[in-house]
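Below, chain A is the first sequence line, B the second, and so on; all start at residue 1.
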Number of protein chains: 2
Amino acid sequence: MSKESSSRSRKPKRGQTREALMEAALDLVVKKAPFSSLSLREVTKRAGVVPTAFYRHFTDMSALGLTLLDESFRTLRQMMRQVRQENQPNENMLRGSMETYFNYVRENRAHFLFVAKELFGGTPTMRNAIRREIRMFTNELAMDMARFPFLNHLSAEDLQMMAGLVVNNVTALTQEMLELEESDTFGQQEVLGTAEKQLRLIFLGVGQWKS
Amino acid sequence: MSKESSSRSRKPKRGQTREALMEAALDLVVKKAPFSSLSLREVTKRAGVVPTAFYRHFTDMSALGLTLLDESFRTLRQMMRQVRQENQPNENMLRGSMETYFNYVRENRAHFLFVAKELFGGTPTMRNAIRREIRMFTNELAMDMARFPFLNHLSAEDLQMMAGLVVNNVTALTQEMLELEESDTFGQQEVLGTAEKQLRLIFLGVGQWKS
DNA sequence: TTTTTTAGTGAACAAGTGTTGACTTTAACT
DNA sequence: AGTTAAAGTCAACACTTGTTCACTAAAAAA
């Protein structure tokens, strides 16, 4: 009973400093600069920790970055799995998928902003990791499409190219979404609307495609 | 005859330091970091000039950035005009347009890299300037499409949405292109090929579109 | 030719950067 | 309870950063 009080100059914070550092970095990315231009001291200051404490948890700023990237994509992957399970191929599949996806984007704004800014501004290592992840999504989408009865006559390359078209657009729309204010629900609805229309248009073209 | 020699500690460089600074910044963007994380001293060093000389030409690093942005888009705009003049609406219009466009991208790699990296990593001012420019392209494309006989039954919003689809994709493909090595002509051809196919697919969908 | 404007230099500043090393406190293990 | 390992602090380092000021060379204007 003598432990939980009387902490003055040294705070208890058990294993939570690591998380504090990650959250601080994410915060700074949201309201300031891309991760690549954050300084170690800046991050530790916001986390409420002395600069040298950083080294107890990460060797490097770039190590923090990769951890953040991992975190971002792990939750994103699990959401995508969910989207694919919940949406059987029917009429409002497109609308439903886009809705859950963009809801997820709104709820994880910080992570998406982080990824978007590093996609081009980051170090080569970072960029490659992100591109690899995106390529993976494209492949999975191509495989999903191959299972559709009215698409199984298409070649693997064509499917890949079509999946790429979809992913490129969703990526662009995500970025557009991220530029909007969090409170701008009207704009967000508008982006969602365009997203649905554009995907519908794409699949209209896919139906007409002759190899 | 006594002027052009005998310059020792002070170099002649008439009005060319300004250009040297811009070129230096562009160089550094290509082979190092996004513009936003370049330092004034770094740029002046590469330009072969002392740091304080910078202030004779720009008030700020961000002023340099905006100048660079202006330069990038001015030449891009004139190219787009050329593409539209040279390509009358016929069979190989898509192929032709994409070829000249991507040739231009290859020849102006530095400028495109600069823009791509600032599109998300830059300051709000920078980002807005770029997005405004892209929106302008989208509008012009929509107007071009409206002139096609088989498209004049479409609503303005639908045309806008279709143009957006095209622009989003070309942007994504441009970024993909920029990630390739300058020497990787095979990869470049491949991207060009996908670009053409994807646009063809889009226009296939456009033909089927019912408002 | 003399004068004035423009475009370069160099030294110095206050502030911020990553990283080190030697300590100290807390939590965990025996 | 005593020991050990993990996670925090503090002071100091060598460096880079943006910006100032006074000064000087060259080009342009008179």
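For the residue pair A:Glu118/A:Ser36, the side-chain donor-acceptor check at 3.5 Å is satisfied. When only modelled atom types and interatomic distance are considered, A:Glu179 and B:Asn128 share no side-chain donor-acceptor pair under 3.5 Å.
Atoms CZ (B:Phe58) and C1' (C:dA7) sit 14 Å apart, rounded to a whole Å. Spacing between atom CZ of A:Arg56 and atom P of C:dT20 amounts to 12 Å, rounded to whole angstrom units. Distance A:Met61 CE to C:dG18 P: 7 Å, rounded to the nearest Å. Going from atom CG of B:Leu28 over to atom P of D:dT16 covers 15 Å, rounded to whole Å. Going from atom OH of A:Tyr55 over to atom P of C:dT17 covers 12 Å, rounded to whole Å. Atoms CD (A:Gln16) and C1' (C:dA27) sit 13 Å apart, rounded to a whole Å. The CG-P distance, from B:Leu40 to D:dT20, rounds to 11 Å in whole Å. One can place NZ of A:Lys45 at 12 Å from P of C:dA15, the figure rounded to the nearest angstrom.
Closest approach of A:His111 and A:Leu68 over heavy atoms only: CD2-O, 4.3 Å.
With respect to B:Thr44, the side-chain contact (heavy atoms from CB on, under 4.5 Å) criterion is satisfied by exactly one of B:Leu21, B:Val50, B:Thr52: B:Leu21.
One finds no side-chain N or O of B:His57 lying less than 4.0 angstrom from the OP1 or OP2 phosphate oxygen of C:dT6. Close to D:dT16, at under 4.0 Å from its OP1 or OP2, lies no side-chain N or O of B:Ser39.
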Just do the salt bridge (charged side-chain N to carboxylate O under 4.0 Å, His left out) check on B:Glu42 and B:Arg46 with the steps written out, would you? CA-CA 6 Å; B:Glu42 211 172 0; B:Arg46 181 169 212 88; over 6 Å; no
For salt bridge (charged side-chain N to carboxylate O under 4.0 Å, His left out), just list the numbers for A:Lys197 and B:Asp158, CA-CA rounded to whole Å, side-chain angles, deciding distance to a tenth of an Å, and then say yes or no. CA-CA 9 Å; A:Lys197 276 190 184 175; B:Asp158 279 354; 3.4 Å; yes
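Each end of the helix from C:dT1-D:dA30 to C:dT30-D:dA1 gets its own axis from five base pairs, and the two axes differ in direction by 10°, given to 10 degrees.
Applying the 3.5 Å distance criterion, the base of D:dC21 shares no donor-acceptor pair with the side chain of B:Thr52.
In terms of position along DNA chain C, the nucleotide closest to B:Pro51 lies nearer the 5' end than the nucleotide closest to the other residue of the pair B:Arg41 and B:Pro51.
Between A:Phe114 and A:Phe35, the ring planes lie perpendicular to each other; the angle is over 60°, past the 30° to 60° tilted range.
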